[in-house]
Amino acid sequence: MPPVPTEPQRPADLPPPYGPNDSGEPGELGCLRMVIGGPLVLLHLLSAFLVGSAYMVHPDGIWDDNAYTGISAVCFIALHVSGLALLLTLTRSARRTLGPWWLLPPVILILLAVLRVKTV
């Protein structure tokens, strides 16, 4: 008779690389936060700069196609940068290491970029 399959192991049942880390090293989690959070902060800053630039440009009138094109292009790039940051934040390692508040900056920046494109 073949063995009955058991339910898969949960992360708490696995050894330290996948389960809880009881090594007692206090700097290990902080280093991982820096490795994951550092690029995310840079992406958030870049996206915030792009969205801020889109809000600083004011078209002279309906005929100012260059300003409208520039605002659309900057918002397009900001949407992609914030989308990349959101995808990186949604990875499993980032969700476990960083808190859920890290999802707020890319979502807010995406909403601001969409709002600027819609209201220009």
Inset, instruction - Starting at SG of Cys75, measure out to NE2 of His80 and round the result to the nearest 0.5 Å. - result: 12.5 Å
Inset, instruction - Identify the heavy atoms of Pro106 and His44 that sit nearest to each other, and give their distance. - result: CD-CE1, 3.3 Å
Inset, instruction - Of all the heavy-atom pairs spanning Val120 and Pro59, show the shortest one and how long it is. - result: CG2-CG, 4.3 Å
Legend entry - Test item: Ser53 side-chain N/O and Phe49 main-chain N/O as donor-acceptor pair under 3.5 Å: yes
Legend entry - From Arg95 atom CZ to Leu103 atom CG, the distance as rounded to the nearest 0.5 Å: 9.0 Å
Inset, instruction - Can you measure from CZ (Phe76) to OG1 (Thr69) and round to the nearest 0.5 angstrom? - result: 13.5 Å
Inset, instruction - Group every Ile, Leu, Val, Met, Phe, Trp and Tyr by side-chain heavy-atom contacts under 4.5 Å, then state whether Leu84 and Val41 land in the same group. - result: yes
Legend entry - Leu112: hydrophobic cluster co-members (side-chain, 4.5 Å): Val51, Tyr55, Leu104, Ile108, Leu109, Leu115
Legend entry - Gap separating the OG atom of Ser82 from the CG atom of Leu87, nearest 0.5 angstrom: 11.0 Å
Legend entry - 4.5 Å side-chain heavy-atom contact, Ile36 and Leu88: no
Inset, instruction - Looking only at non-hydrogen atoms, find the nearest pair between Ala54 and Ile71 and report the distance. - result: O-CG1, 4.0 Å
Inset, instruction - Give a yes or no on whether Leu111 and Trp101 share a hydrophobic cluster (residues Ile, Leu, Val, Met, Phe, Trp, Tyr; joining criterion: side-chain heavy atoms under 4.5 Å apart). - result: no
Legend entry - Straight-line distance of Arg33 CZ to Trp102 CH2, nearest 0.5 Å: 10.0 Å
Legend entry - Side chain to side chain, Thr89 and Leu40, heavy atoms closer than 4.5 Å: yes
Legend entry - Residue list, side chain to side chain contact (heavy atoms under 4.5 Å, CB included) with Leu79, at least two apart or on another chain: Ile110, Ala113, Val114
Inset, instruction - Find out whether Val35 and Thr97 are in side-chain contact, i.e. whether some heavy atom of one side chain is under 4.5 Å from a heavy atom of the other. - result: no
